[in-house]
Each structure stands twice: as structure tokens, then as C-alpha cells.
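Below is one structure, written out as C-alpha cells, with a few remarks after it.
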Protein chains: 2
Amino acid sequence: MHKPTIQDVARRAGVGVGTVSRVLNNHVAVRDSTRDSVLGAIAELNYTPNPHARRIAGGKSYTISVLLPVVTTEFYVRLLDGLEQAFQEARYDVAIFPLLDRSRLERYLGSHTLAYQADGLVMATYNLTQMFQSGSGIRPYSGPTVLVDAHADTVDCAYMDNLLGGRLAGEYASGLDGNLYAVWVETELDQLFTTRVFDDRRSGFLEAVQRSGGRVGGEYVSSFDSLTARTVAAQLLDEVAYPATVFASADLLAGALLDEAQARGLTVGGELKIIGFDDQPWAQGRGLTTLHQPVEAMGYEAAQLLLSRLSGEDGPPRARRFEPRLIVRASTGG
Amino acid sequence: MHKPTIQDVARRAGVGVGTVSRVLNNHVAVRDSTRDSVLGAIAELNYTPNPHARRIAGGKSYTISVLLPVVTTEFYVRLLDGLEQAFQEARYDVAIFPLLDRSRLERYLGSHTLAYQADGLVMATYNLTQMFQSGSGIRPYSGPTVLVDAHADTVDCAYMDNLLGGRLAGEYASGLDGNLYAVWVETELDQLFTTRVFDDRRSGFLEAVQRSGGRVGGEYVSSFDSLTARTVAAQLLDEVAYPATVFASADLLAGALLDEAQARGLTVGGELKIIGFDDQPWAQGRGLTTLHQPVEAMGYEAAQLLLSRLSGEDGPPRARRFEPRLIVRASTGG
DNA sequence: TTGTATGCGTTATCAA
DNA sequence: TTGATAACGCATACAA
């Protein structure tokens, strides 16, 4: 009748509850045959552990909070895939906290919320660690923390090498014929929510172009929304000297360029070449040359960094670097 | 040294743990003076209850899952404000589950996830209850469920009367001089994620106009993004016969109309009148006549419905209706 | 109105 | 490698 407990499993398997617990938590000291019979009993009873009981007994919450911008993009979906997989393997729950606004951030870290109870914190894209210093109005979070998709010296992090990404784009673009142009994403002004992602892509690109002896004929800036992107695309296509190669620092911008070029009957891949950044799902279908990022792997590794801290790992902050990869498609004539 | 427990509070206040628990849970049978001394001890020790212990002792999770589209709009921020306030008052935690994709929905309701452990479920905008029927591949969720911003007969719900909203817009628009036009939001095709919100606004509007003896000179459809909205706005302003009154069924669309009108030097409020829907924060500043929705109140009431079920309330599904309110501003000459 | 004792379902400790 | 048992922190039934 009632939900089966660890006791029921133990009785069924003819062992003690301790043994069942050991099997559950992958402890080493369990004989294979014993493990099998326990696993069998678990399956027969359709037993699932009560997470609250283990939280109280273990003295931990077995929950990880993930703070991320609420941008509903493929990027964060993939990032969560990587994070959730790793945490699930380690039997941790993941609670997602979209950073809807500042007041909500403060509430999240209030002392009796889910977020504050978490054993660890993952912060995506935004480095909010300075928020946790006293005097910021936000209650300091003292548990282990890891940054993902952002870089910092003071805390573990897994980040994408956007500098390299920009550089790869710059080197490749320099090898193509035509004048070079670029569209950047306007960097946020809010001191709380800032990211260096786009600055890095720009620095890398400019550096590589310069090193190749080339020069950038013009730079454009757009905010991260398709309407502005389309307007900027139109302006850019009006002003550039053809043949032209344009590096768009996000596929969203590259997509607007593709749209606008198509509307004008420009041949993309010929007189106009376009390089994006992100490799969004539609990029392959539309033949966009772009930079692919191992997002899931980055998320998975960030989770591993945090998990290792949770199991007592000590030492200085560690940084794990991930490399974007250039995918050449028709939009650059490839 | 260690985090204070209910024992510490009891000792400090010179009472038993039972009394402290009673104070915590707002039980009636506590003498005022006793309550005060307990409260004092709690404050002095800076005690916060261990939620996991509550959960195991109480046999409940004291957690509510909220499933919502990840549209980062003011609407959902306000909705969450209402929900979270009500649940917090009742000492329930809220876990947010953005419906990023279908596979994630299935994972959310997997039997050992946070969502499945929740005592109740709030579904915003999308009616996913049929997903919980067997055979859909999604594990049925058996706990109490409430729909918010959506209407259904089989389950408690708190919904905005979008039919009325459309009607109010229609009646008001019919009273203005000029030809009538409307822009609708393209309804989603995905069978899983459908909402009647925009259909209702349309039905109400058309009905009211017809009843006023007027007629709609033209209807336009846009998807819910500013780029498309701007394109549609341009097309509309090209084609309509002035003076014209346009009902945009979402402020996002109305904003695009304002932008495009401004770019053309059209006088909004005169030859061109615009009515929006949502009353977004910028609507007041830009003088947009629009429909304001009591979103927080709707969220709060949805939470109350769920909480009453949690405390044993029985009976047929209840529906709570909320009414949008027309706010007249300069965009219609008001 | 209050204190005490029991139980919730685990994990961890200890002895075997 | 295992089983028995003591925590874990709270809610609640029961006794006072």
C-alpha cells in the first residue's frame, strides 16, 4: 500500500538496510551477488529513495542551484543538458533559478529558500560572486561555487575560449578575398549582469586580422535582438564595399544578415561572405559558416568541478578551457 | 557553533520543542506570552528551520513546482511574484521549471526529480494536464494541480478573461472615429504547447465590434517577436485607410506599430490610433492605450486554490476569473 | 495550554 | 563484507 522504503527492500533482499544504502550510493564494499539481489528487490518493489530522508540523514541537501540568465536560447538548453546529466549521475537534484531581476536574485539567496539550502551553486555567464561579498545587500552564499561560461580567478570555472573563437574567425576571414567587416553584440551596461563573452570574441578577431596583415573595414554594433540585428544588417549591406566578408559575433546577427542579403538578392558565399558564432540548429540548414561550441561538455565539466569540491577537494581555483571549432559551410563559399 | 535547531530554541525559551513547532506553524493553542518568548529566542539565535527535517517529519515536501514557458516577459515575472508571495506565506518553497523543450518536461516529472516530489503543481499558460494521462510517455502527476493564465473544466484554474479584454478593446475602438484594424499573435501549432489567450482576445474584439455595428477593415497576423512585428507593422501602415484605429493584441505588437509610425512621422493619437494589450512598463511612458491585467492577483489566487486543496479541500474544480481593465492614454487621443 | 515521546526514511558508525 | 543501531531535526499524538 504505502510507498516502499529502504526497509522493505532490505527485507525483500534478505539483507540489512545498511547494505541497501551502500548499494544505492555505490560504495565499494559490497559483494557482487549481494548487490544484484538488492538491485533485484529494488526493481521488483519499484522502490525510489525518499530524497528528504537522505537530506536529513546525510546532513546535506543533495541539491545544486543553477543561476542563469533567462535567455531562452539553445545555448542554455544545451548547457543545462550537460549540467543535469553530471549531477544526476551523482544523485544530485538541480534547481533552476532564472535571473529575472535583481530583487528576485536577492530573494533566491534568502536564508530559507531552496537556493540557499543548496549544497552548491552554479552561476552561468554572469559572475555574481562579488554580489556575495558583504555590503551588497545580498546574503553571502558560502557553499562551493562554480562559474560556467565565464572566467574568474577566485573561483572554479569552466569557460569557452571566446578569444580563440574570435581568432579562428579572424584567421579564416583573412584568408578569404574581399573586405573585412564585423558586427558585435552590444555589451550590457548593468554592473550586476555583465559578461565578457562578446568582448573576447572581438579582441580575438581583431588581433588575428591584424596579425594576418589585414584590416577591418568597418565595425557595427547591434543589441541582442533580431529586430535591431536586421536594421543593422541593412545598414551594413548598404555601406560595405563588395566583395565583403562579415564576421557576425553571434548566429542571431548572422541570421539577420542572411535574411537581409536574401531580400536584396545578394549571393551569400560569393560577393558576400558571412561567418557566424554559435552553430545554432538552423545554421547547418542555411549553410552558415560558424563557430561550434562544445556547450554540453562545458556544462558537464563545470558540474564535475563542483562535485569534486563537494567531496572535499581542496586547493586553488581551477579553470577549464573549452575550444570553439570553425565549421565551414556555404556562406563563405566553402 | 552548529546551526541552531528547534531544541536550542526550546531550551533558550524555556519551553518544549512541541511549543516551538506550534509557534512556527501558527497553531492556535499557544499563549501570547509564550509565543513572544519563543519568537524572541528564534530571533536571538537567528534560527531558521531545517526544511528537510520538516519534509520528512511532516510527510510532505512543502514544495510547489511551477511549470512555465520560458518567455522572459514582465508577465511571468509578475505572475511569479503573486505565486511566490502566497506560497511563502504558507511556508512552501517554489521550484521553477522552465518548459525548455519536451524532453525536459518528461525529465521534470521523472519519479525522483524535484518536480515529482512536489506537493502540488502550478501550470502557467499551457494546459498540460492531458499529458499526465497514461500513454503520453509522461509519468502521470497525481498531486493537486492548478492552472493559471489558462482555463479548463477538469482542474482548478485562475485565468484572465481575455474574451472580456478583447471586448473592452472592441467597444472602445468602435466609439472612436476612423477605420478599424487588428493585429493578432500567431497561435502556436505545437499540440503540446497551445494557449487560447490570443484566440480569446480576438473573439472578444470581433464580437464587440460587430455588436456595435462596426466592421474590421483588415486583420494582420504576426508571430510573437519584435522583428516580425515590425515588418507586419510596416505592411499594415502601408495598406490601411486613414484615419485608422489599430488594436494590437499584445503590447509587443503595439510597440512595433509605435516605432514604425514614429519612423514615418505619423501622429499617433490622431490620424492613427493604437490600442495595445498587457500594459507593459514602458506603455505609460509612451502613452499607449492598453489593457492592464491584474497578473499578481491572478497568481496569488491560483496559489490559494492549490493551498486549499493541500489542506484537504474537496469538491469540483473551481475557476477564478480576472478582468483586464482598459487604460486610456495618448495613443488613442485620450 | 504545554511538555514528552514516538516516528519519518535515510546515512553513518560500529561491532561482528 | 555485513547487520544492527544511533543519529538527523522536525511534526504530531498523547499525556499532563
Side-chain angles (χ1 to χ4, degrees), chain A residues 1-38 41-42 45-63 90-93 111-112 117 119 310-312, chain B residues 1-39 41-42 45 47-63 90-93 111-112 117 119 310-312:
Chain A
M1 197 57 236
H2 74 297
K3 196 164 178 276
T5 74
I6 201 172
Q7 308 275 0
D8 300 322
V9 175
R11 203 173 309 124
R12 177 89 171 212
V15 300
V17 291
T19 304
V20 177
S21 181
R22 267 165 237 140
V23 171
L24 249 25
N25 295 289
N26 292 318
H27 276 251
V28 277
V30 177
R31 187 179 297 150
D32 277 352
S33 61
T34 313
R35 175 187 308 277
D36 287 344
S37 71
V38 169
I42 287 176
L45 293 171
N46 196 20
Y47 162 81
T48 56
N50 179 324
H52 310 307
R54 62 189 294 256
R55 297 194 226 275
I56 159 113
K60 307 195 290 179
S61 72
Y62 297 97
T63 301
R91 294 189 68 202
Y92 275 81
D93 275 328
S111 50
H112 18 252
Q117 298 295 334
D119 293 331
L310 290 173
S311 50
Chain B
M1 195 59 234
H2 73 296
K3 196 163 177 279
T5 74
I6 200 172
Q7 308 275 359
D8 300 321
V9 175
R11 203 173 308 124
R12 177 89 171 214
V15 301
V17 290
T19 304
V20 177
S21 180
R22 266 165 239 139
V23 171
L24 248 26
N25 295 290
N26 292 317
H27 273 252
V28 276
V30 177
R31 187 179 298 152
D32 277 353
S33 60
T34 314
R35 176 188 307 278
D36 288 344
S37 72
V38 169
L39 257 22
I42 287 177
L45 293 172
Y47 162 80
T48 56
N50 180 323
H52 310 306
R54 279 187 91 209
R55 298 194 228 272
I56 164 112
K60 307 196 290 179
S61 73
Y62 297 96
T63 301
R91 294 190 69 201
Y92 276 80
D93 274 328
S111 51
H112 17 253
Q117 296 295 334
D119 293 331
L310 290 173
S311 50

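These numbers come from the heavy atoms of this one structure, side chains and all, not from hydrogens, waters or symmetry mates. Quick note on labels: first sequence line is chain A, next is B, and so on, each numbered from 1.
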Answer whether the closest heavy-atom distance between the side chains of B/Tyr92 and B/Lys60 falls below 4.5 Å. yes
Which whole-number value in Å describes the distance from B/Arg35 CZ to C/dT1 C1'? 12 Å
What is the distance from CG of B/Asn25 to P of D/dA13, rounded to the nearest Å? 12 Å
What nucleotide, of D/dA7, D/dG9, D/dT2, holds the atom closest to the side chain of B/Asn50? D/dG9
With the side chain of A/Arg54 defined as its heavy atoms from C-beta on, choose the nearest nucleotide among C/dC8, C/dT2, C/dT10. C/dT10
Is the shortest side-chain N/O distance from B/Thr19 to OP1 or OP2 of C/dT2 below 4.0 Å? no
Nearest-nucleotide pick for B/Ala57, side chain only, options being C/dG7, D/dC8, D/dT1: C/dG7
Out of B/Val20, B/Leu45, B/Val38, which residue meets the side chain to side chain contact (heavy atoms under 4.5 Å, CB included) rule with B/Arg12? B/Leu45
Contacts of B/Ala53 and B/Gly14 projected onto DNA chain C by closest heavy atom; the upstream (5') one is B/Gly14
With side chains defined as the heavy atoms from C-beta onward, is the minimum distance between B/Arg55 and B/Asp93 less than 4.5 Å? yes
When rounded to whole Å, the CD to P distance for the pair B/Gln7 and D/dG9 reads 9 Å
For B/His52 and D/dC10, give me the distance from atom NE2 to atom P, rounded to whole Å. 11 Å
Atom CG of B/Asp36 and atom P of C/dT2: how far apart are they, to the nearest Å? 11 Å
Taking only side-chain nitrogens and oxygens of A/Ser21, does any of them come within less than 4.0 Å of OP1 or OP2 of C/dT10? no
What integer distance in Å separates A/Ile56:CD1 from D/dA6:P? 17 Å
For B/Tyr62 and C/dC8, give me the distance from atom OH to atom P, rounded to whole Å. 15 Å
Heavy-atom distance under 4.5 Å between the side chains of A/Val17 and A/Thr5, does that happen here? no
So B/Val20, base contact, sugar-phosphate only, or nothing? Heavy-atom distance under 4.0 Å. nothing
Across the strands shown, which category fits A/Arg22 at heavy-atom distances under 4.0 angstrom: base, sugar-phosphate, nothing? base
Given A/Lys3, which partner from the list A/Asn46, A/Thr48, A/Asp8 fulfils the side-chain hydrogen bond (donor to acceptor under 3.5 Å, both in side chains) test? A/Thr48
Provide, to the nearest angstrom, the distance between the CZ atom belonging to B/Arg11 and the P atom belonging to D/dG9. 12 Å
Base, sugar-phosphate, or nothing for A/Val15, non-hydrogen atoms under 4.0 angstrom? sugar-phosphate
If you check every side-chain atom of A/Val17, which of C/dT11, C/dT2, D/dA11 has the closest atom? C/dT11
